[in-house]
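All remarks here apply to the structure that follows.
Every chain is numbered from 1 and lettered A, B, ... according to where its sequence line falls, protein lines coming before strand lines.
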Number of protein chains: 2
Amino acid sequence: MAAKKHPALSAAQLAGVARLFAVLSEPSRLVLLQALHAGPLTVNEMVEASGLKQANVSKQLAILHDSHLVRRERDGNSIRYEIADPMVFSLCNLVCSKMVRDAQCAMAMFHPEI
Amino acid sequence: MAAKKHPALSAAQLAGVARLFAVLSEPSRLVLLQALHAGPLTVNEMVEASGLKQANVSKQLAILHDSHLVRRERDGNSIRYEIADPMVFSLCNLVCSKMVRDAQCAMAMFHPEI
DNA sequence: TCGTTATATGAACATATATTCATATAGTAT
DNA sequence: ATACTATATGAATATATGTTCATATAACGA
């Protein structure tokens with residue numbers, strides 16, 4: 001039986017969805033989000049935590065900010081970023097559990113007894 | 001208070017997560033997934049339903065198949081695809097609800113009374 | 001076997017974007 | 001005002017990939 005709860009999304013809506021997935025499709029941005037998972041951080045702190053160059057961190061944060069995934073706030077001379085929408089972690093958890101499922105499935109092809 | 005339920009993901013794990021988001025970051029692939037939401041379809045049926053060229057549909061389906069998001073099965077002369085992991089729709093629904101939230105937030109900046 | 005239909009794939013092209021360097025902007029302190 | 005620190009941004013480059021055309025592969029029917 002085919003599921004059909006939601007109406008089809010328009011091309012523009014699909015483009016919007018695709019755009020947000022694209023924001024999450026870059027490991028450097030996921031690194032930054034993961035760092036922010038523990039709490040707010042300044043740009044410099046994220047540069048140190050991630051090993052990425054400062055210019056790169058700034059640009060990736062700008063992209064995350066444009067997508068309303070992070071919020072920023074000036075703190076003296078620095079700028080502190082924090083997660084604006086915890087939904088990103090729900091997305092990541094779904095993807096992670098899928099990867100575990102796929103991995104278990106692949107494993108089963110070699111070790112059916114387990 | 002900072003949330004911290006999950007251990008940090010390794011670079012390889014983040015790359016895997018990013019890869020799956022990348023698969024979902026292309027409108028043409030979302031169109032195909034949305035078409036398959038109503039039930040299994042052959043390549044030709046998806047060409048007609050999507051308006052995309054046949055070569056393009058085949059390539060995008062191959063990418064979806066590599067990610068184990070769709071399954072394929074030969075049916076006579078054609079090949080029938082179907083959703084292999086309904087989790088993709090959970091992902092899309094999360095993103096959609098976020099977009100609604102953001103849109104309502106943007107709206108409120110112009111119509112605070114609503 | 002031969003022709004037809006359905007799907008996949010290689011080559012070529014255009015486009016998008018991540019990364020880096022250099023520099024600009026903004027805030028702070030002396 | 002000047003020097004210093006923190007962050008953002010423009011230019012340049014490299015890389016990835018979506019799209020299309022042409023063609024290959026595979027199944028089916030006569």
Under 4.0 Å, counting only non-hydrogen atoms across every strand here, what does Ser58(B) touch: a base, just sugar-phosphate, or nothing?
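It contacts base atoms.
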
Counting any heavy atom closer than 4.0 Å, what does Arg72(B) reach on the DNA or RNA strands: base, sugar-phosphate only, or nothing?
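Result for Arg72(B) = sugar-phosphate.
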
Taking atom [atom2] of [N] as reference, at what distance in whole Å does atom [atom1] of [X] sit?
| X | N | atom1 | atom2 | result |
| --- | --- | --- | --- | --- |
| Leu52(A) | dA18(C) | CG | P | 12 Å |
| Lys53(B) | dT7(C) | NZ | C1' | 16 Å |
| Ile79(B) | dT5(C) | CD1 | P | 18 Å |
| Gln60(A) | dT20(C) | CD | P | 10 Å |
| Asp66(B) | dA8(C) | CG | P | 11 Å |
| Leu64(A) | dA18(C) | CG | C1' | 13 Å |
| Arg74(B) | dA26(D) | CZ | P | 9 Å |
| Asp75(A) | dT28(C) | CG | P | 9 Å |

Looking at Asn44(B), I'd like to know whether one of its side-chain N or O atoms comes within less than 4.0 Å of OP1 or OP2 on dT7(C).
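For dT7(C), OP1/OP2 do have a side-chain N/O of Asn44(B) under 4.0 Å.
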
If only side-chain N and O atoms of Arg29(B) are considered, is one of them under 4.0 Å from the OP1 or OP2 phosphate oxygen of dT19(D)?
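No, because none of the side-chain N or O atoms of Arg29(B) sits under 4.0 Å from OP1 or OP2 of dT19(D).
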
Parallel, tilted or perpendicular: which describes the rings of Phe21(B) and Phe21(A), with under 30° parallel and over 60° perpendicular?
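Ring orientation of Phe21(B) relative to Phe21(A): parallel.
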
Looking only at the side chain of Thr42(A) (C-beta and beyond, no hydrogens), which of the listed nucleotides dT7(D), dT5(D), dT19(D) gets closest?
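In terms of side-chain proximity for Thr42(A), the closest of dT7(D), dT5(D), dT19(D) is dT7(D).
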
Counting side-chain heavy atoms from CB outward, which of dA8(C), dT7(C), dT7(D) is closest to Tyr81(B)?
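Taking heavy atoms from C-beta onward, the closest nucleotide is dA8(C).
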
Would you check if the side chain of [X] reaches a backbone N or O of [Y] as a donor-acceptor pair within less than 3.5 Å?
| X | Y | value |
| --- | --- | --- |
| Asn56(A) | Leu52(A) | no |
| Arg29(A) | Val23(A) | yes |
| Ser67(A) | Ile63(A) | yes |

Is there a donor N/O on one and an acceptor N/O on the other, under 3.5 Å, for the side chain of [X] and the base of [N]?
| X | N | result |
| --- | --- | --- |
| Gln54(A) | dA8(D) | yes |
| Asn56(A) | dT19(C) | no |
| Lys59(A) | dT7(D) | no |

Would you kindly compare Gly76(A) and Ile63(A) by the position of their nearest DNA chain C nucleotide and give the one closer to the 5′ end?
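In this pair, the answer is Ile63(A).
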
Give a yes or no on whether a salt bridge exists between Asp85(B) and Arg101(A), defined as a side-chain N under 4.0 angstrom from a carboxylate O.
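Yes, this pair counts.
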
